[in-house]
Every structure is written in structure tokens, then in C-alpha cells.
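Every number for a ligand or one of its atoms is a count from 1 in the order of the listing.
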Amino acid sequence: MKKLLEEIKGASLAAVENAADLGALESIRINYLGKKGSLTAVLKQMGSLSAEERPLIGQLANDIRSKIEEAITQKAAELSEKLLEMRIISEKLDVTIPGTPVTIGKKHPMSIVLDEAIDIFTGMGFAVAEGPEVEFADYVFTKLNTAEGHPAREWQDTFYFTEDSSVLLRTQTSPVQVHVMETQKPPIRIISPGRVYRKDEVDATHSPMFHQIEGLVVDKGITMGDLKGTLNTLVQRLYGPDTKTRFRPHHFPFTEPSCEVDVQCFECRGEGCRVCKGEGWIELLGAGMVHPKVLEGCGIDTEVYSGFAFGVGLERMTMRRFKISDMRLLYENDIRFLSQF
Ligand code: DAH
């Protein structure tokens, strides 16, 4: 019987060693150790042994059983590991390969400058107002003291919707001044950013659509000094504390007196260079004291109130701020350009 047990041991261990997969291993376990397995069969014949032999054979059978079990457990671990390796190879998913990078967008340079400007003005007590891009000529021109026959009302300058020239794409944000004054009582302190349209050919400094920020302050005792202080604050916050400004007399129908505001050239500091075309100064915006006719047209008592207004091109502001020389770059949506800001 001992010999039989040794044979079972040899055969079973060899079978375990050669098992190709977990299924084969399980049949080996059943064949040898199961209820009808060969080792179990031998053990069932123990009754025929002598009293001396029984414990020895019993001991041997138990040893062989645990050897086989141990071999099966070890082989099963080996096979599972191999199985995993094969799965990894066959599924070809390499989690260590870097993924496709997700590019995160950035604020457009004009949005950066607009947000800065809104921050500066709200810090001075201004609110942000909005107005329509499709406007009545009354608001774009007439109520802004720009009568019929003014060159700005010509068809070749302006996008009209109607034959009678009563509705158009606004050419300036100034009509928002009128909307605000018609609906709010002084004190008024607003800025109004938005798109405007003109029949301009596209070049490095022109586009048929561009952006302005309008400003309006109406209160008791407002003077040109308030205008200068406000615009100097804007310019110095945007371009640096030692930026110099120059207020030049000009004409706008809706302000009296009117001025244009230049900033000292950031490139040459006023010496005169290519950027400022030898001037030393760069024009930035138009402004003035709101014309009494405009105030009165909106029902504001000019004996009590006065006001100032200004309009600045956002493209121009942005180009100065980031030293961009061609306006078209702002509209092309070229990631290589936009990602620099
Ligand atoms: N609307 C003017 C333009 O488009 C700019 C401007 C000038 C706005 C003077 C104003 C102002 O409010 O007071 O050229």
C-alpha cells in the first residue's frame, strides 16, 4: 500500500506541475483528493491493514495529501499570475503612457483689459450699463446733438436697416448715455462696454466691428477737473503710475468743450519714435463735458447738474497695453497669438 501511495504522490505532483490552466488543476484535485479520487480510494482500504501498519500508512497518506494540496495552491498562484500577464499583454492598455493633454483656454487680451477697466471704474463708484447694438438713429445721432446732414450719418459710413435711415447698427456706444439719462436720475456714474459698427475697410488699425467703452457722469458741480482725474486714474492704473496724459481741444457734437486724450508713448517716453510716428504721444480716446442740449433733451436740469462723458476704443486700449501692432490679430483666434497673454 505504501508503494501505491508513493506512486500516487509521484503521478499527482507531476500532473500538477504540467497543468496548463486552473481548470486542469481543479480536475487533478478531484481525481486525486476528491470523494472518488485515487488517494481517497486508498484511504478507504485502511481497514484491511494491521494495527501497527495503520498509523504509519495513515501518517504517510496525510503527508501526501498536504503535499499535493500545497503543490496545487502554488501552481494555482503561478497560473493566475501568468493569466494576468497574458491579459495585460493582450489588452494592450499601457496606463503609463501619458494621456492626450487637455488644453485649457485663456482670456482673450481684450477681455483681460475690459475686466481691468471694469475693475478700475467700479472701484471709483461706476456701474456697468448696457444698450442695444441695433439702434434708432435718434439715439445714435439726433439726441446726441448730431442733426441730419452731419457726415457721420452718411450711408457710406454706417450700416442702415431701413430706407428711411431710422434704424442702424450703432456706430458708437454714446447712445447708451441717452438711454441711461432717460431712465435714471442723477447722480449717474456708468460705463458701458460694447460692440460698434462702421463701414471701415479692414487694415492694421481698422475693422467694421470694434469695441468701445462709454463713460458718463452726471451730478451737481461736475467739472473738467473730474474728467481729467478720472481718465488719469484709468490710464495710470492700466499703463503704470508714471504714464503722462495730454488733453487736446477737439470737437464732438455731444460735448462742449470736447477734447481728445493722448498718452505719452510707452515706447520712447515722449522722444518720438516709429510707434508714435515721431509724435511722442498716442491718441487714446475722446471726451468732454456733456453738451447742455443733450442733458436737457433727457430732462436733466442744466442749472443744477453738469456732466462729463468719454468714449474709448477697447482694441486701441488693448493694443497699447500689450504692444500689439496689428488689430487683426485680435480677431483671428490664432491660439499661438492668444496663448501669449
Ligand atoms: N463716440 C465718440 C466716437 O465714437 C467717442 C466719444 C467722444 C465719446 C467724446 C464720448 C465723448 O462720450 O464725450 O468717436
Side-chain angles (χ1 to χ4, degrees), residues 117 121 126-133 135-147 150-154 157-159 168-182 186 188-200 205-219 222-232 234-235 245-263 282-298 300 302 305-317 327:
F121 280 112
F126 283 69
V128 177
E130 275 184 80
E133 289 175 30
E135 260 291 12
F136 293 111
D138 257 6
Y139 282 80
V140 182
F141 302 122
T142 319
K143 287 167 185 272
L144 288 168
N145 197 31
T146 311
H150 192 282
R153 301 182 71 142
E154 295 293 315
D157 290 332
T158 309
F159 296 103
L168 66 150
L169 283 172
R170 66 180 179 188
T171 58
Q172 50 185 1
T173 45
S174 303
V176 183
Q177 290 186 34
V178 181
H179 286 295
V180 169
M181 286 191 283
E182 282 182 346
I188 291 168
R189 250 181 217 84
I190 60 103
I191 55 165
S192 185
R195 291 191 184 91
V196 299
Y197 303 84
R198 292 181 194 176
K199 277 190 176 172
D200 279 334
T205 53
H206 291 88
S207 158
M209 186 284 299
F210 61 102
H211 300 74
Q212 289 186 332
I213 305 176
E214 193 74 15
L216 174 70
V217 170
V218 183
D219 204 349
I222 295 294
T223 68
M224 197 85 182
D226 298 306
L227 170 65
K228 287 186 82 169
T230 304
L231 293 179
N232 279 337
L234 169 70
V235 163
T245 53
R246 180 174 78 171
F247 289 69
R248 263 186 302 109
H250 199 76
H251 170 77
F252 295 104
F254 37 89
T255 42
E256 180 58 36
S258 305
C259 61
E260 275 192 331
V261 181
D262 302 333
V263 284
I282 293 168
E283 185 201 318
L284 194 64
L285 56 87
M289 299 306 291
V290 183
H291 199 293
K293 275 195 186 167
V294 176
L295 291 173
E296 275 156 20
C298 297
I300 290 172
T302 51
Y305 295 106
S306 55
F308 70 76
F310 60 89
V312 54
L314 180 57
E315 279 79 356
R316 190 170 278 193
M317 249 166 116
M327 189 165 160

Should R198 be listed as contacting ligand 1, given a heavy-atom distance under 4.0 Å as the test? yes

Side-chain contact, heavy-atom cut-off 4.5 Å: F247 with D262? no

Give the numbers and elements of all ligand 1 atoms closer than 4.0 Å to a heavy atom of G311. 6 (C), 8 (C), 10 (C), 12 (O)

Hey, which atoms in ligand 1 end up nearer than 4.0 Å to a heavy atom of E214? 8 (C), 10 (C), 12 (O)

Has E133 got more than 12 heavy atoms of other residues, nucleotides or ligands less than 6.0 Å from its CD? yes

With a 6.0 Å cut-off on the ring centroids, do F254 and F310 count as close? no

Which value, rounded to the nearest 0.5 Å, describes the distance between M289 atom CE and I222 atom CD1? 7.0 Å

Could you list which atoms of ligand 1 come closer than 4.0 Å to a heavy atom of F252? 7 (C), 9 (C)

Taking the six-membered ring for Trp and the single ring otherwise, decide whether the centroids of H150 and F141 are under 6.0 Å apart. no

Less than 3.5 Å apart, any donor N or O on the side chain of Q172 or Y197 sitting next to an acceptor on the other? no

List every atom of ligand 1 that sits less than 4.0 Å from any heavy atom of Q177, numbering the atoms from 1 in the order shown and giving each element. 12 (O)

Just need the protein heavy atom nearest to atom 2 (C) of ligand 1, so name the residue and atom and give the distance. Q172 OE1, 3.6 Å

Could you tell me whether the side chains of R153 and T142 share a donor-acceptor contact shorter than 3.5 Å? yes

Under a 4.0 angstrom heavy-atom cut-off, which atoms of ligand 1 come close to T255? 13 (O)

Backbone or side-chain N or O of A309 under 3.5 Å from ligand 1 N or O: yes

Under a 4.0 angstrom heavy-atom cut-off, which atoms of ligand 1 come close to Q212? 3 (C), 4 (O)

Would you say R198's side chain and T171's backbone share a donor-acceptor pair under 3.5 angstrom? yes

Any heavy atom of F308 sitting closer than 4.0 Å to ligand 1? no

State the atoms of ligand 1, each with its element, that fall below the 4.0 Å cut-off from a heavy-atom position in G288. 13 (O)

Atom 11 (C) of ligand 1 has as its nearest protein heavy atom F254 CE1, 3.4 Å

Close N or O approach (F310, ligand 1; < 3.5 Å): yes

Mind checking the CD-CD spacing from Q177 to E214? Nearest 0.5 Å is all I need. 4.5 Å

Near G286, which atoms of ligand 1 are under 4.0 Å from a heavy atom of that residue? 6 (C), 7 (C), 9 (C), 11 (C)

